[in-house]
Amino acid sequence: MLQNWPVWSATNSPCFFKGVIVCLQVLFIGSISIQFLWKKFIIWHQNKYKTAEEGSRDCNDAKQPENCINLGVSYHASKVCCALLASIQLLRLLFFLLKGYSFGRCKSILSFLTEITQLMSWVITLVAVFQFQRAKSVKLPWLIRAWWLCSFIQAGICIAYDVHSLHLNNGVIGIKEYTDLSSLIACTYLLAISLRGTTGISLSSSKLREPLLQKSTEKHSDKSNRNSPYGRASIPQLVTFSWMNPLFSIGIKKPLEQDEVPDVDIKDSAEPVSYSFGECMNTAKERYGSSSLSIYHAIFLFIRKKAAINAGFAVVAACCSYVGPSLIDDFVKFLSAKEEHGITRGYFLALAFLGAKIVETVFQRQWIFGSRQLGLRLRAALISHIYKKGLCLSNQSRQKHTSGEIINYMSVDIHRISELMWYLNTVWMLPIQISLAIYVLHKNLGFGALAGLAATFLIMACNIPITRTQKRFQSKIMESKDERMKATSEVLKNMKILKLQAWDTQYLHKLEDLRKIEYGWLWNSLRLQAISGFIFWGAPAFISVATFGVCILVGIPLTAGRVLSALATFRMLQDPIFNLPDLLSALAQGKVSADRIASYLQEEEMKLDAVEVVPKSDTEFTVEIDCGKFSWDPESKHPTLDGIQLSVRRGMKVAICGTVGSGKSSLLSSILGEIPKLNGTVRISGSKAYVPQTPWILTGNVRDNILFGNPYEFDKYERTIQACALTKDFELFANGDLTEIGERGINMSGGQKQRIQIARSVYQDADIYLLDDPFSAVDAHTGTQLFKDCLMGLLKEKTILYVTHQVEFLPAADLILVMQNGRIAQAGKFDELLQQNIGFEVLVGAHSQALESILNAENSSRMVQIDDRSNDELDGENSATQLQIVEKQESEQNLCQDIADRGRLMQDEEREKGSIGKAVYWTYLTAVRGGALVPFIVTAQSLFQILQVASNYWMAWATPTETTGQIVGISFVFLVYILLSVGSSLCVLVREMLVAITGLLTSQKFFTDMLHCILRAPMSFFDSTPTGRVLNRVSTDQSVVDLEIAGKLGWCAFSVIQILGTVTVMSQVAWPVFLIFIPVTAICIWYQKYYIPTTRELARLFGILRAPILHHFAESLTGAATIRAFGQQERFTHTNLGLIDQHSRPWFHNASAIEWLSFRLNMLSNFVFAFSLVLLVSLPKGFINPSLAGLAVTYGLNLNSQLATIIWNLCNTETKMISVERILQYSRIKSEAPLAIKSCQPPTNWPDTGKICFTNLQVRYAEHLPSVLRNITCTIPGRKKVGVVGRTGSGKSTLIQALFRIVEPREGSIIIDDVDICKIGLHDLRSRLSIIPQDPTMFEGTARGNLDPLNQYPAHRIWEVLEKCQLGELVCQDEKKLELKIVENGENLSVGQRQLFCLGRALLKRSSILVLDEATASVDSATDGIVQETIRKEFKDCTVVTIAHRIHTVIDSDLILVLSEGRVLEYDTPARLLEREDSAFSKLIKEYSVRSQGFSNLTNAVRCQILKPDKPNVRFQDQFV
């Protein structure tokens, strides 16, 4: 490079450059003068026409409190720099005038103009900077910013000319060189200020400052303590990353906690970033519409400013990296003839090497950090928009994207797009690096450079088909990962039913099969990646062979200096060649991920105009539907709802009833705007609240679930919980209403969850209440209390539309809608509908028959006098109070009580502290064949390094210098070099393949172990572990282990071997380098030990804080309809933004910590390299071989990157090993009992009779918790029907779970047909029992797959079962018949239909023992009657255990088991229990009778009215209420 500069001198380039400087100065002076005159003219014009009124207003304005001006350090520094530059120019002008000082051959007049215009420019600039304070300018004017940028470029070029002049003329540094260097330093700082764009002046109101700060402090007291040090950092701190020092000082003393990590800067915060990206999305949509191009354009608009700054840094770093290779030949020539060149030139060369490396380090660290920062912003923006989209997805769009897929978008796809930001700089660095490399080669080897260029392009061309194939593999990997994650998410959510049905093994095999598919594509990808690695490491050898070969053929002499310069350049070319496949691979992955996200973001949303909101003053109706036609599938020929005509006045109570699948829930959805509207209008007047049929409970405490974002008002809150019958529950919870609820309300009973969400709606104080079957999960007493105190009490003035299957709640309604086949078949009051005698009679008749069976049983057991009935009713009510048991917080899986001292079920995620244990590394390394492949990998790398060093050493030794001749023939030299290069390349291929094989086999073993442990874990693990934590490990952590860990560990070993080779070469030439390397290594180790504790905990924190984002998103998706109904989208979005910021905090500071370490290690390496150069320069001639010295310099050029690489790899590997640590945590979960015990296998026909004996059974959920079941001793005879009744929390569900060994007995035994169930395998037990659970569970797939997932039964058998379950018509209507598609969670079916599918599973299985856990809670009375009849018929020879809130479902049982406080209160036949008036069962029957007696009287009265129309109508409301 320096050799070609005389060409510029010959063309008078310094003089030309001076002319350019003068032109720029004049342009700047003219521009600023015009701007000044224009402002003066504007002020004069305004003053001329200012009125007296305006003057008075100005006086008033002057009295307003002035803003306080805060002058920052950067502003004062700007003034100092401008003053310094003006002084320098004045000094230079004085020297010019006194001594006639000029630039070489340039004319004096040109030199004088240059100096005088520069002085004028800097004086004007200094005045302008002082004016900033007076004008209170916060932002830096663009003219000043442009001028400072030009000044920096000018100063840099001046220094370049100075170095060039000194190099050619062996001159002495004078006043001009010193002033140019001082100018460059000052201009560099001004450049940084101009890039920042602010003057350093801040404004704040003196009078308003205090209160605002006080409010902010009160609201964000925690946040103020964690202000971002990055946002307050000065320019030197930003360059050196020393703003991280306070965090390191904390991290070295103790493990970092979450609240000790500072906040991210406001520019990186999720809220402003999300808003900015939203603006970009709107702009892109205006231009491209809703096409996939819009997302790319939006990303471009979002990143362009920051990316441009990063690009500038990257280009400068790339240019500086080639200064070293271009100077090697000069350095070798200098060493060969020191006397001729002079020692000063050697020191200048060393200074040039050092200066280039320092500039490269500073700019490289800045562009890498900027890329990470840009990735952080883009990730926050995309996550927030994916979340917002999830809240407003239409139902049809929602079915296209399962929860598992969307979680993959947030965890994997966004990660890939954000990582692409790092590779973007390669796009503009690549051509610059290749151009510079070819320039250096051409300078040394002439036309031989063309061969190097051709070889470079050939290697790059080889990468193109590899990248295309890699893109296809990546698409397949993502597809297979989506399928696996979708299935895993479904399995985790439905783990309880899988265990109850003994399907866990089958689904484990399903997940393993999906992983095998993913494994196949991973192996293809990693194998291809190994070939890419081979090309990368073999590229320098291939290019050098091609180049040197052409040079030999053409006859270009190969001297040691030229060869070493070329070898250094080839090694520099390694980066762009390596980055190209990485860039193309990252682009391929990013394209696939961006397309997936674009497809998701373009999905159809809920129609905002589906429901018209009418002001209350404009209408007397709160709900109106006119000619409504709705369909969940707009393309279907059969609409879900048709011909809907409905008007509801303010304050009306509207009951909605009908058979299963008739459209009851869909009618409520049409009012909410959830179901697509095909025709008609829907209008509502007032706010609305919604209670879904399936309870949706947020993770958190009970109070937060009830308040749901509203402020806490004590009186209102107390009224709400009393009306919703929650007072007693709160008294029994360990922490009252602050008790934490598990995921999906897992530690609450079905009734408790239902009442909590009813309380949530009541507390909203809405105008319209939409309740979807709110009484299905509560017992008779609680249902009556809810209806009386809540619906007809606290909400008596409100408009309520409620779906119910409990016919006894219908008479109190002002309007009853009877749904049939998606239409309102009947509408009217109770007595009117009975008189019509159409379809309503079927529902009422079924309920009346059930009620009659209870009354008959009650009357046949004991005769009760009519005049004593009122006293009995009163006794019944009193007994109800006495029967309020000491309720434990029993739930579906009954984690009975909260832990008394904590009151919480969900504990913080397990987090290791301190360094990653050696056992983790050892476990990873020895996972496959005991680590037998590891020595082969290390050996292959060692051979590669030895052969590579040997080939370079051979070329340096065998080629001649200016003072030595050719030692051996050039053909022989070339042949040996080829053999050594080919050998080293083959070693690389072996190493890459072994790393790929070992890494993938290890990751597969880890995955299999973790999956088996998770699926074999007891239910208590799933109850206390949010799904997001498990998904985080099987998605993000598993991806890291699949694709990154093996490479990271390999690089640790490889970089150590590399640096040993470099130090060996350098020490052989100049042994003092080895001495300085020892303390430098010690300093590096100290830096690592200082750095690791902080970054390790940061990595753990951001790994942990990723799960809450996924968990919150999964919860929000499930309850999106409720969130929309309550109008809480903004609050949930804000919560999501907060969670993103919580995750960004440790991530951002972890990325900053990496740059903090890399900067220091790079600078340390630079000075070691500079020391070695000074040493080589200072040694006397003949002491060292110039060729070998050049070889040492060639290796020394990479010393900084190698030393930084080894430490960075060690640190980064430890960070990545946290994923292994987290996976191993879930590979050590305590397992359930064995699935099968060969020595204790039950007979094939077991159980035969179905006799169940409970003996002294005691059950608890944890050792520190009290027993839930206490001394249960009873026998259920074989082939009998037993009903289990009791209040909520009495132990009913726990008894069933003990029967299936979901919880293991603490004491006692359960014996079925003479077999102790605790002594046999879990699969042998659960596969022989059948259960229909309370919460119906459906899996994504087909109707057949949901009924028979094990594929055990023929089609005709499944059709028989469908007919018996009242589902035959539903399946027949679909074209696919048994292959009818079931979407995730069975959301395309009603809850009642899902329960009927669960019944179908039991009918197919036909076990000798059947358990019904509230099996028909969500079906209407008519269907319930049919189902009960089917069960009686199909299971007449089986033992049937029924838990029910509907008393009529157990009244015909052979035996009744009454539980209370976990004990057997009563156990006898219904008849004998009813004979005793004081029996608990009698009192339960009494309650149900009291509630339903009025209904029976009304029904009889209406029937009499039909027979005798002259009698007046009977009104039921007064009787009931």
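Just the heavy atoms: all of them, side chains too, but no hydrogens, waters or symmetry mates, feed the values below. Bear in mind the structure is a predicted one, so any value in this text is a computation, not a measurement. Residue numbers start at 1 and run along the sequence shown.
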**Prompt:** Between atom CZ of Arg1357 and atom CG of Leu1362, what is the distance when rounded to the nearest 0.5 Å?
**Reply:** 10.5 Å
**Item:** Where Ser1330 and Phe1300 come nearest, the two heavy atoms and their spacing
**Value:** O-CZ, 3.9 Å
**Request:** Please determine if Lys493 and Glu490 form a salt bridge, counting it only when a charged side-chain N lies under 4.0 Å from a carboxylate O.
**Result:** no
**Request:** Mind checking ring-ring contact (aromatic ring centres under 6.0 Å, His included) for Phe1339 and listing every partner two or more places apart, or none if nothing turns up?
**Result:** Tyr507
**Prompt:** Could you state the interatomic distance from CD1 (Ile1302) to OG (Ser1293), rounded to the nearest 0.5 Å?
**Reply:** 12.0 Å
**Item:** Cationic N near anionic O, under 4.0 Å, Arg1326 to Glu1232
**Value:** yes
**Item:** Shortest non-hydrogen contact between Met1338 and Arg1394, atoms and distance
**Value:** CG-CG, 3.6 Å
**Message:** I'd like to know if the side chain of Glu1115 reaches the main chain of Thr699, judged simply by a donor and an acceptor atom lying under 3.5 Å from each other, with no hydrogens or angles considered.
**Reply:** yes
**Request:** For Asp1324 and Ala1236, indicate whether the former's side chain and the latter's backbone hold a donor-acceptor pair under 3.5 Å.
**Result:** no
**Item:** Stacked cation flag Arg1029 on Tyr1226, 6.0 angstrom / 45 deg
**Value:** no
**Message:** Under a 3.5 Å cutoff, is there a donor and acceptor pairing between the side chains of Thr1249 and Asp1313?
**Reply:** yes
**Item:** For the student: nearest non-hydrogen atoms of Ser1407 and Cys1438, plus distance
**Value:** O-SG, 3.4 Å
**Fill in**
Interatomic distance, CG@Leu1457 vs CG@Leu1295, rounded to 0.5 Å, equals 6.5 Å
**Prompt:** Which heavy-atom pair separates Leu1465 from Ala1480 by the least distance, and what is that distance?
**Reply:** CD2-CB, 3.5 Å
**Item:** Gln757 side chain vs Pro692 backbone, donor-acceptor pair below 3.5 Å
**Value:** yes
**Complete:** Tightest non-hydrogen contact, residues Leu1473 and Ser1479, listed as O-OG, 2.6 Å
**Item:** Heavy atoms from other residues, nucleotides or ligands near CG of Asp1314 exceed 12 (cutoff 6.0 Å)
**Value:** no
**Request:** Find out whether Val1034 and Leu1011 are in side-chain contact, i.e. whether some heavy atom of one side chain is under 4.5 Å from a heavy atom of the other.
**Result:** no
**Prompt:** What's the verdict on side-chain contact (heavy atoms from CB on, under 4.5 Å) for Arg1344 and Asn1351, showing C-alpha distance, side-chain angles and the deciding distance?
**Reply:** CA-CA 8 Å; Arg1344 178 169 190 160; Asn1351 201 22; 3.9 Å; yes
**Request:** Mind checking salt bridge (charged side-chain N to carboxylate O under 4.0 Å, His left out) for Arg1301 and listing every partner two or more places apart, or none if nothing turns up?
**Result:** Glu1304
**salt_bridge(Arg1401, Asp1348) N-O dist < 4.0 Å** = no
**Asked** Going by heavy atoms in the side chains, are Leu1412 and Leu1399 under 4.5 Å from each other?
**Response** no
**Prompt:** Can any side-chain N or O of Thr488 pair as donor or acceptor with the backbone N or O of Arg484 at less than 3.5 Å?
**Reply:** yes
**Item:** Asp773 side, atom CG; Gln693 side, atom CD - distance, nearest 0.5 Å
**Value:** 5.0 Å
**No-hydrogen, no-angle side-chain donor-acceptor test under 3.5 Å, His1323 and Thr505** = no
**Asked** How far apart are the C-alpha atoms of Ile1104 and Arg1222, what are their side-chain angles, what is the distance that settles it, and do they pass the side-chain contact (heavy atoms from CB on, under 4.5 Å) test?
**Response** CA-CA 10 Å; Ile1104 288 171; Arg1222 285 160 56 81; 4.0 Å; yes
**Item:** Where Ile1331 and Gln501 come nearest, the two heavy atoms and their spacing
**Value:** O-NE2, 3.3 Å
**Asked** With distance as the sole criterion, is a donor-acceptor pair present between the side chains of Thr1008 and Glu512 under 3.5 Å?
**Response** no
**Message:** Run the side-chain contact (heavy atoms from CB on, under 4.5 Å) test on Asn1271 and Leu1257 for me, step by step, so that the C-alpha distance in whole Å, both residues' side-chain angles and the decisive distance to 0.1 Å come before the verdict.
**Reply:** CA-CA 5 Å; Asn1271 301 318; Leu1257 181 66; over 6 Å; no
**Message:** Rounded to the nearest 0.5 Å, what separates atom CH2 in Trp1246 from atom CD1 in Ile1317?
**Reply:** 7.0 Å
**Request:** Give a yes or no answer on whether the side chain of Thr1337 reaches the backbone of Asn494 with a donor-acceptor pair at less than 3.5 Å.
**Result:** no
**Message:** As an exercise, state the distance from OG of Ser1231 to CD1 of Ile1014, rounded to the nearest 0.5 Å.
**Reply:** 12.0 Å
**Request:** Check whether any side-chain heavy atom of Ile1311 lies under 4.5 Å from a side-chain heavy atom of Phe1254, and answer yes or no.
**Result:** no
**Sequence neighbours excluded - salt bridge (Lys or Arg N to Asp or Glu O under 4.0 Å) pairs with any residue from residues 1235-1255** = Asp1248-Arg1279
